[in-house]
Amino acid sequence: MRGKAALIGFLVLQAVIVAIWVMALLPLTKPGAAPFVSTDAGVWSGAVFSDIATNFRTRSSAVTSAPFSPTGPLFWATILMVLSGVCAFLASFFFRRQRIWIAAGLAGAVLVLGAGAAYFIVEQWSGDTSFPPGAVNVVWLYMSTRSFLIQLVLGFLFLAVGAVLAIAGVATTEKPLGFHLVALNWIVVSVVWLLMYLGLFVLPFINAAS
């Protein structure tokens, strides 16, 4: 019964995540909304890490936007997310083999890596970033990123609870209390980011730049 309850909770969580994504992106599909692919250069301004370009001849200054780089902060976020997904898989693997402390340690590593990935994602969107014509519209990119960060936070919280229960000896191989499913949920989170980074950022950017 407890296994069924954990599975139902996992499915409900996935449904909530899908609803979050739909509510964020559905308004962008309405007539007159921002197109998915921008025909013009797009600029996202977080107004935090802005650079100021000054023209001494005209005595004017302007905020400059650094062009998006596939090897920038989001690249490092992707590396960390992939590593966290591998650690989540190993945590579930060792948990099934009654290596609870190893599983808990790997879950802790997942949390650290996930927090690091979130830092790099926020760093990218806190500054000014420009995208060339033909790239995905910055509005779509931002709303997708925001939806993902909500998904990441939820996955982080559930996995943190699972790790604490394992460390406390409450979650065991006989009574996993959904440990496998919170680890699986994090794997889903990492895969979503990998597909999102490649499909929304890298491939459209390469196509636009070519």
Side-chain angles (χ1 to χ4, degrees), residues 1-26 73-122 124-125 141 143-203:
M1 186 64 182
R2 291 181 179 178
K4 290 184 178 180
L7 178 59
I8 292 173
F10 172 79
L11 295 176
V12 169
L13 176 60
Q14 304 314 306
V16 170
I17 295 300
V18 170
I20 291 173
W21 277 86
V22 169
M23 288 188 296
L25 299 181
L26 188 59
L74 296 188
F75 172 77
W76 295 108
T78 304
I79 295 298
L80 295 180
M81 285 304 301
V82 170
L83 291 176
S84 70
V86 173
C87 288
F89 172 80
L90 293 175
S92 179
F93 175 83
F94 282 107
F95 191 90
R96 293 178 184 277
R97 282 155 181 75
Q98 301 183 354
R99 303 293 183 87
I100 305 299
W101 282 102
I102 296 178
L106 286 167
V110 171
L111 297 175
V112 172
L113 292 169
Y119 168 80
F120 282 113
I121 294 172
V122 172
Q124 177 73 70
W125 288 100
L141 292 177
M143 295 304 292
S144 298
T145 303
R146 191 177 72 171
S147 299
F148 172 77
L149 286 175
I150 296 174
Q151 182 178 5
L152 183 147
V153 169
L154 291 175
F156 188 97
L157 293 176
F158 279 98
L159 185 61
V161 172
V164 170
L165 292 177
I167 293 173
V170 178
T172 62
T173 305
E174 294 75 19
K175 297 179 180 179
L177 299 180
F179 185 90
H180 310 305
L181 294 178
V182 294
L184 175 60
N185 178 66
W186 188 268
I187 294 174
V188 172
V189 172
S190 62
V191 170
V192 166
W193 174 256
L194 179 61
L195 295 177
M196 178 177 158
Y197 176 66
L198 294 176
L200 295 183
F201 289 92
V202 176
L203 295 180

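Rounding to the nearest 0.5 angstrom, the gap separating the CE atom in M196 from the CG atom in L74 is 8.0 Å. Distance check, rounded to the nearest 0.5 Å: CG of L181 to CZ of F179 gives 11.0 Å. In this structure, L13 CG and I8 CD1 are separated by 13.5 Å, a value rounded to the nearest 0.5 Å. Taking CD1 from I187 and CG from L159, the interatomic distance works out to 10.0 Å, rounded to the nearest 0.5 Å.
Shown here are the ring pair (Phe, Tyr, Trp, His ring centres under 6.0 Å) partners of F201, two or more places apart in sequence or in another chain: F68. For W21, the side-chain hydrogen bond (donor to acceptor under 3.5 Å, both in side chains) criterion is met by Q151, not counting sequence neighbours. Every residue two or more places apart in sequence or in another chain was checked for a side-chain contact (heavy atoms from CB on, under 4.5 Å) with V112, and none qualifies. Shown here are the side-chain contact (heavy atoms from CB on, under 4.5 Å) partners of I150, two or more places apart in sequence or in another chain: I20, L154. Every residue meeting the side-chain hydrogen bond (donor to acceptor under 3.5 Å, both in side chains) condition with T145, not counting sequence neighbours, appears here in chain and number order: W125.
Side-chain contact check for L111 versus F156: some heavy-atom pair is nearer than 4.5 Å. A 4.5 Å side-chain heavy-atom check between W193 and L152 finds every atom pair outside the cut-off.
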Only distances under 3.5 Å count here; give the side-chain donor-acceptor pairs of residues 80-105 to other protein atoms, sequence neighbours excluded, each with its distance to 0.1 Å.
| unit_1 | atom_1 | unit_2 | atom_2 | d |
| --- | --- | --- | --- | --- |
| S84 | OG | L80 | O | 3.4 |
| S84 | OG | M81 | O | 2.6 |
| S84 | OG | W186 | NE1 | 2.9 |
| R97 | NH1 | F93 | O | 3.4 |

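For the pair G155 and N185, the tightest heavy-atom approach, listed with the atom from each and the gap, is CA-ND2, 3.4 Å.
Other residues, nucleotides and ligands place more than 12 heavy atoms under 6.0 Å from the OH atom of Y197.
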